[in-house]
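For reference, the structure discussed in these notes is given below.
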Amino acid sequence: MTMLIADLSLPDVLKTFIEEKRNAKFLYPPQEEAVRRGILNGESVVMVTSTASGKTFLAEVAAISNVLINDRKTIVTVPLKALAYEKLMDFKAYEELGIRITASTGEYDSDDRWLESFDVIITTYEKLDSILRHKPAWLGDVGQLIIDELHYLGDPERGPIIESIISKIKLLGLTPQIIGLSATIGNAEELAGWLGAKLVKTNWRPIPLREGVYLRPFLSFNDGTKIRVREVGDPVTSLAMDSLNGGGQAIVFTSSRSSAVKVAKQLAKAICDSQSRLIDVEAASRTAEEVRRASSSKLLGDELSQLIRCGASFHHAGLELEVRRLIEEAFRQRIIRALASTTTLAAGVNLPARRVIIGDYRRYEAGEGMVDIPVMEYKQMAGRAGRPGLDPYGEAVLIASNDREARRLFDLYVNAEPENVVSRFFVEENLAFNLLSIIASGYASNMNEINDFLSNTLAYSQYRIASNVIQRNALMRRVDDMLKFLIESGFIEESNGEFAATPLGLAVNKTYIDPYTANDYVRGLRELNGKANNLNLLFLAVKSRKIPKLRVKRGEEDKWSDALVRNWSRLPLMPPTLPDYDDDELNPFMEELKTATMMLDWINEVDEDALLKQYDAQPGDLRMYIDQLDWLLGAMSELARILKLRELAGRIGMLRLRVKYGIKADALELALNLEGIGRTRARELYRAGFKSIEDIANSTPAKLQQARGIGPTLANSLIEQAKKLMETGRITRVPRDEEPSGDLSDYL
DNA sequence: AGTCAACCACTGTAGACAGCATGTC
DNA sequence: CTACAGTGGTTGACT
């Protein structure tokens with residue numbers, strides 16, 4: 001007995017909208033079950049059902065009905081910025097019902113009060129946590145919280161953020177309906193119990209998914225079918241081509257960037273060599289050109305465009321975001337038919353393919369060697385298989401090289417249940433971060449209130465803290481240790497059992513950096529006062545454990561250890577005595593110095609391709625460093641201000657801007673104020689004698705075009721912009737000559 | 001002398017969230 | 001301190 005949209009207790013406008021605009025007349029079985037459990041009547045529900053089983057759609061309907069019927073707000077929280085924007089696009093359709101929808105992420109918009117006027121607010125976990133720290137008045141209007149990708153609760157760093165969100169909401173006395181969504185969770189009952197939610201868990205899929213193992217030349221599926229795959233090279237290529245020839249698309253997951261590139265090359269060759277017309281050559285060429293232009297690295301752009309011409313590509317975090325988005329879009333439009341990717345795509349935006357090939361089920365992990373990937377991750381990748389509307393089925397394929405391995409893979413992955421989600425809340429860093437957060441934001445000021453906060457966490461119920469005395473004592477000792485650490489760091493104070501954040505602690509809380517990093521920064525800043533330069537400030541900034549470091553390779557160890565030793569006394573937070581040369585102890589410092597030095601070269605306008613080559617990095621890595629340092633240097637500057645190190649605060653502010661634009665101080669003003677001007681054009685303008693906004697405002701299009709890289713359109717726009725800036729007086733000024741710019745050798 | 005296969009030692013290994021202030025069509 | 005693939009150098013057999 002199918003449940004019809006028309007029968008649901010929803011406002012008529014919404015029902016009509018769903019039927020006409022969303023073209024849905026009835027519910028899928030999992031949706032039906034969720035409705036019976038009361039998801040549309042305010043009941044909290046955890047839905048663990050496959051991708052494309054309509055849980056997102058149902059959550060949308062629940063959100064809109066919450067807004068329309070209850071006149072309350074809905075918050076949707078997701079793990080990735082890209083997902084937030086994807087959800088925003090999905091929700092936008094409902095704007096014609098008069099519903100106001102927005103997304104708020106760290107980069108998108110940050111004024112909490114401004115969110116007041118929206119009904120549906122989509123955020124990342126961290127952004128929502130940050131909003132909860134500010135406690136804007138409109139939180140009282142929130143009647144519903146939708147947590148997407150609920151299995152992130154098990155993520156070692158991000159899971160505790162979700163726990164903290166839930167606990168803070170309870171402490172605020174809010175009782176929103178909670179809707180948790182995930183495709184793969186082992187202990188779904190437990191999580192639902194913790195959230196006080198009903199559980200809907202099914203394997204139902206609109207498109208059947210078969211999972212199987214390929215053992216040359218046969219591909220055996222868990223539904224008993226077995227097909228022979230025509231061999232056109234190595235297993236991965238054969239499997240992909242087999243799917244392509246049948247009219248599908250393929251995604252190959254690899255365990256390293258380099259193998260993603262390698263596989264993509266093989267796929268491109270196979271497609272271009274193929275007799276059958278597998279791609280739209282013209283569209284592929286157009287996309288190839290687009291990608292080439294979008295890539296700031298010529299090398300990478302050329303490599304990619306060559307592959308895309310043949311309808312294949314690779315995808316990993318070494319690529320810039322814009323390039324990745326272009327590739328994803330081309331795959332969606334079937335211009336790219338086969339994609340080789342690292343885990344970027346496994347957990348990312350919605351990008352299904354008929355056949356998903358798990359190229360490596362083992363991955364290198366530092367300190368552990370090659371490890372089998374978790375079942376959870378496999379299921380996440382497998383869930384990408386099957387594109388609604390295009391594919392009659394989806395297939396996920398593992399590759400075995402012998403009989404025994406084939407059987408093992410069936411046991412290990414195909415027939416396995418995903419791992420249980422286990423809270424990491426009581427890990428030191430997470431605990432310190434969240435304790436400071438509740439004390440500084442006024443959620444707790446004594447042990448009783450801290451206990452209230454902790455008792456709402458998943459960890460508390462998972463570790464049976466309430467009932468297990470030994471567990472409780474061990475974990476409470478850790479809480480004490482962390483409180484002590486926060487006191488010693490000068491972030492909180494205690495008197496008569498009452499805790500309060502210091503101005504420094506408030507700043508750490510506000511800037512959202514973790515207390516360990518903050519403590520390093522505070523100590524480092526005090527030490528550098530009076531002898532700070534761009535190198536040692538970058539070195540300090542990069543020390544945050546949140547920043548992955550560039551790796552020092554075998555051949556360059558001498559170079560970096562030498563530079564390190566010569567700089568020893570000028571660098572912050574160094575051990576008083578030099579560790580032994582051959583020791584691994586030197587390595588972390590060398591990595592920090594190498595990373596800082598790359599960014600030093602970046603702000604001194606070293607050509608990007610040359611820079612990346614020299615440091616063996618890729619454009620996406622550089623963007624990541626710029627992004628992270630923009631945030632961390634901002635926080636560091638704020639800490640310096642609180643510490644009354646005014647000169648240092650200003651200097652760091654300047655450094656931050658230079659990192660953001662990758663430019664020396666003299667031409668920064670141009671890049672900073674003018675749309676369409678980055679590090680390269682700013683330098684060209686400067687060299688041609690246009691050194692300030694005034695110079696440009698007083699120039700003519702013809703004169704401006706004498707600078708390299710400035711065409712007629714841009715020249716006109718620049719003059720217009722400059723004139724406007726002069727009129728409004730809104731020029732962001734930059735202090736001159738703050739520090740002579742030089743490379744590493746100038747600091748030795 | 002030049003070529004090339006076979007072998008061996010060495011090297012490197014995924015990803016991505018967060019602040020603030022202030023204006024603006 | 002785990003395992004694997006790719007790389008680059010050396011060796012030694014052969015033309």
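Just so it is clear: chains get the letters A, B, ... in the order the sequence lines come, proteins before strands, and each one is counted from 1. For clarity, every value in this text was computed on a predicted model and none was experimentally measured. The figures here come from the full heavy-atom set of this structure, side chains too, leaving out hydrogens, waters and symmetry mates.
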* To do: Map A:Lys724 and A:Thr511 onto DNA chain B by nearest heavy atom, then report which one ends up closer to the 5' terminus.
  => A:Thr511

* Answer yes or no: is there an ion pair linking A:Lys262 with A:Asp234, defined by an N-O contact shorter than 4.0 Å? => no

* Residues A:Glu556 and A:Tyr615: side-chain donor-acceptor under 3.5 angstrom -> no

* Name the orientation class of the two ring planes belonging to A:Tyr361 and A:Tyr413 (parallel below 30°, tilted from 30 to 60°, perpendicular beyond 60°). => perpendicular

* Asked: Which residues in residues 251-264 of chain A have at least one heavy atom lying under 4.0 Å from any atom of DNA chain B?
  -> A:Ser255, A:Ser256, A:Arg257

* Asked: Which heavy atom in A:Ala671 sits nearest to a heavy atom in A:Tyr661, and how many Å separate them?
  -> O-CE2, 3.6 Å

* Asked: With a 3.5 Å cut-off and no angle check, do the side chains of A:Asn434 and A:Ser437 form a donor-acceptor pair?
  -> no

* With a non-hydrogen cut-off below 4.0 angstrom, is A:Thr342 in contact with a base, only sugar-phosphate, or nothing? -> sugar-phosphate

* To do: Taking only the side-chain heavy atoms of A:Thr343 (C-beta and beyond), determine which of B:dC17, B:dA18, B:dG15 contains the nearest atom.
  => B:dG15

* Nearest-0.5 Å distance that lies between atom CG in A:Leu633 and atom CD1 in A:Ile626 -> 11.5 Å

* **A:Tyr512 OH to B:dC17 P, straight-line distance once rounded to whole Å** => 12 Å

* To do: Ignoring backbone atoms, test whether A:Lys127 places a side-chain nitrogen or oxygen under 4.0 Å from the OP1 or OP2 oxygen of B:dG19.
  => yes

* To do: Using the P atoms only, state how far B:dA18 lies from C:dT2, rounded to an integer number of Å.
  => 39 Å

* Structure fact -> Quick note, side-chain hydrogen bond (donor to acceptor under 3.5 Å, both in side chains) partners involving residues 369-380 of chain A, not counting sequence neighbours, are A:Thr184-A:Gln380, A:Glu211-A:Tyr378, A:Glu211-A:Lys379, A:Arg362-A:Asp372, A:Arg363-A:Glu377, A:Asp372-A:Arg408

* Roughly, in whole Å, what's the span from NZ in A:Lys549 to C1' in B:dT13? -> 18 Å

* Looking only at side-chain N and O atoms, does A:Arg551 come under 4.0 Å of OP1 or OP2 in B:dG12? -> no

* Structure fact -> Per the under-4.0 Å heavy-atom filter, residues of residues 630-643 of chain A near DNA chain B come out as A:Asp630, A:Trp631

* State plainly whether the residues A:Arg641 and A:Glu638 are in salt-bridge range, i.e. N to O under 4.0 Å. => yes

* Structure fact -> ring-ring contact (aromatic ring centres under 6.0 Å, His included) filter on A:Phe433, not counting sequence neighbours, yields A:Tyr512

* Asked: Should we count CD of A:Glu322 as having more than 12 external heavy atoms under 6.0 Å?
  -> no

* Rounded to the nearest 0.5 Å, how far apart are CD of A:Glu163 and CG of A:Leu458? -> 4.5 Å

* To do: To the nearest Å, give me how far apart CD (A:Glu163) and P (B:dC17) are.
  => 20 Å

* Once you round it to whole Å, what is the distance between P of B:dC17 and CD of A:Glu149? -> 13 Å

* Integer-rounded Å distance: C:dA5 P and A:Asp360 CG -> 9 Å

Nucleotide N/O of nucleotides 9-11 of chain B paired with protein N/O under 3.5 Å:
from, atom 1, to, atom 2, distance (Å)
B:dT11, OP2, A:Arg554, NH1, 3.3

* Structure fact -> A:His316 NE2 to B:dT13 C1', in whole Å, measures 13 Å

* Asked: Checking all strands, does A:Pro79 fall into the base, sugar-phosphate, or nothing category for heavy-atom contacts under 4.0 angstrom?
  -> sugar-phosphate

* Asked: For DNA chain B, what string of dots and brackets results from 5' to 3' when Watson-Crick and G-U pairs need both distances under 3.5 Å, crossing pairs get [ ], and pairs with another strand get |?
  -> |||||||||||||............

* Contact class for A:Ile161 (heavy atom, under 4.0 Å): base, sugar-phosphate, or nothing? -> nothing

* Asked: For the pair made of CD1 in A:Ile513 and C1' in B:dC20, what is the distance, rounded to whole Å?
  -> 14 Å

* Asked: So does A:Glu669 pair up with A:Arg733, basic N to acidic O under 4.0 Å?
  -> yes

* To do: With the side chain counted from C-beta on, respond yes when A:Lys265 and A:Leu307 share a heavy-atom pair under 4.5 Å apart, and no when they do not.
  => yes

* Inspect the surroundings of NZ in A:Lys135 and state if more than 12 heavy atoms from other residues, nucleotides or ligands are less than 6.0 Å away. => yes

* Asked: Among the nucleotides B:dA14, B:dA16, B:dG19, which one has an atom lying closest to any side-chain atom of A:Ala317?
  -> B:dA16

* With a 4.0 Å cut-off on heavy atoms, is A:Glu157 in touch with a base, just the backbone sugar-phosphate, or nothing at all? -> nothing

* Atom-pair distance (CG on A:Asp372; C1' on C:dT2), nearest Å -> 12 Å

* Asked: Hey, does A:His134 reach any base, or is it just sugar-phosphate, or nothing, if we go heavy atoms under 4.0 Å?
  -> sugar-phosphate

* To do: Map A:Pro548 and A:Tyr364 onto DNA chain B by nearest heavy atom, then report which one ends up closer to the 5' terminus.
  => A:Tyr364

* Asked: Is NZ or CZ of A:Arg545 both nearer than 6.0 Å to the six-membered ring centre of A:Tyr516 and within 45° of the ring axis?
  -> yes

* Answer with base, sugar-phosphate or nothing: what part of the nucleic acid does A:Arg324 contact at a heavy-atom distance below 4.0 Å? => sugar-phosphate

